[in-house]
Structures are given as C-alpha cells and as structure tokens.
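Notes follow the structure.
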Amino acid sequence: MLQAASSLEGYGVEEHSVVNVESGRACRMGVGPAGITVQEEGAELVERIEYQGLHSATHDGRTQLTFSLLCEDASTTSLHFRLLSQRAA
C-alpha cells in the first residue's frame, strides 16, 4: 500500500502558503523529494525548481525567503517569497 501511495503526485510534498514578492500574488509552495514547486492560487504550475538548479536559499529569520537559481548560461536569477507566518519558516 505504501508503494502505491508513494507513486502518487504530491507524495512526500510539504505545502506552504506564500506570496510572490514581485507579483504580490498568493501561491502554494511545495517542497518535496523532487524539488520545489510554486503554483499561483487558482492557476497552473508557475515554477518547478529542481534541487540541482538551486544555487542558494536564504531566509531572513522571519518571513522572507529568497531562492537563487543557476541559469543555463551560468548566470543566476532570484525568486522572492514571503511566508504567511513565521511558524511556516
């Protein structure tokens, strides 16, 4: 039974409510064994971040979360999110 459950999409993913700082839109962030997914509320998947593409992740100790992503041309780009509570941190 556990093997069947582990094949389901979303198995082992911990979800958090966040706000995309750039757009101001509410999102769901899923953190799981395959990486990080970001989906705007009521929309399709916005971002899928595989761990090997994640250059760094920083947290300000309160509610701000920043992901620095490594691009194919070796440059980096950043995504900024605000957690809805310090408890989610």
Side-chain angles (χ1 to χ4, degrees):
M1 182 139 179
L2 183 57
Q3 187 175 21
S6 69
S7 67
L8 297 173
E9 185 177 344
Y11 176 80
V13 176
E14 185 174 328
E15 290 200 352
H16 301 278
S17 295
V18 299
V19 172
N20 181 318
V21 173
E22 282 90 23
S23 70
R25 298 189 69 157
C27 301
R28 298 290 299 163
M29 178 180 291
V31 181
I36 300 166
T37 57
V38 180
Q39 182 176 0
E40 287 186 355
E41 296 288 335
E44 295 295 316
L45 184 67
V46 174
E47 193 79 45
R48 181 181 307 272
I49 304 166
E50 294 181 0
Y51 290 120
Q52 62 264 30
L54 185 61
H55 184 261
S56 67
T58 57
H59 180 259
D60 72 353
R62 296 178 47 130
T63 60
Q64 297 294 323
L65 182 62
T66 302
F67 295 121
S68 179
L69 308 175
L70 189 59
C71 301
E72 289 181 10
D73 65 358
S75 65
T76 58
T77 188
S78 295
L79 299 174
H80 305 277
F81 298 96
R82 181 173 44 85
L83 299 167
L84 296 186
S85 71
Q86 286 184 325
R87 196 169 177 195

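Numbering starts at 1 and runs along the sequence shown.
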Suppose we screen for side-chain contact (heavy atoms from CB on, under 4.5 Å). Which residues come up paired with Thr58, at least two apart in sequence or across chains?
Thr66
More than 12 heavy atoms of other residues, nucleotides or ligands under 6.0 Å from NE2 of His55: yes or no?
no
For Gln64 and His80, run side-chain contact (heavy atoms from CB on, under 4.5 Å): C-alpha distance rounded to whole Å, both residues' side-chain angles, the deciding distance at 0.1 Å, then the answer.
CA-CA 7 Å; Gln64 297 294 323; His80 305 277; 5.5 Å; no
Any chain of hydrophobic side-chain contacts (each under 4.5 Å) joining Leu54 to Val31?
yes
Starting from the C-alpha separation in whole Å, work towards a yes-or-no answer on side-chain contact (heavy atoms from CB on, under 4.5 Å) for Phe81 and Asn20.
CA-CA 5 Å; Phe81 298 96; Asn20 181 318; 4.3 Å; yes
Minimal non-hydrogen separation, Tyr51 against Pro33, with atom names
CE1-O, 3.8 Å
Test side-chain contact (heavy atoms from CB on, under 4.5 Å) on Leu69 and Thr76; report intermediate values, then the result.
CA-CA 5 Å; Leu69 308 175; Thr76 58; over 6 Å; no
Restricting to non-hydrogen atoms, name the atom on Glu47 and the atom on Ile49 that form the minimum distance, rounded to 0.1 Å.
CG-CG1, 3.8 Å
Please list all pairs passing the salt bridge (Lys or Arg N to Asp or Glu O under 4.0 Å) test where one or both residues lie in residues 64-80, with sequence neighbours left out.
none
Once rounded to the nearest 0.5 Å, what's the spacing between atom CD of Gln39 and atom CZ of Arg48?
10.0 Å
Examine Val19 and Val21 and state if one hydrophobic cluster contains both, with Ile, Leu, Val, Met, Phe, Trp and Tyr joined whenever side-chain heavy atoms are less than 4.5 Å apart.
no
Using every non-hydrogen atom in the two residues, find where Glu50 and Gln52 come nearest and quote the distance to one decimal.
OE1-NE2, 2.9 Å
When rounded to the nearest 0.5 angstrom, what is the spacing between CD1 in Ile36 and CG in Leu65?
7.5 Å
Candidate list Glu15, His16, Glu40, Glu41, test side-chain hydrogen bond (donor to acceptor under 3.5 Å, both in side chains), partner Arg28, passing option:
Glu15
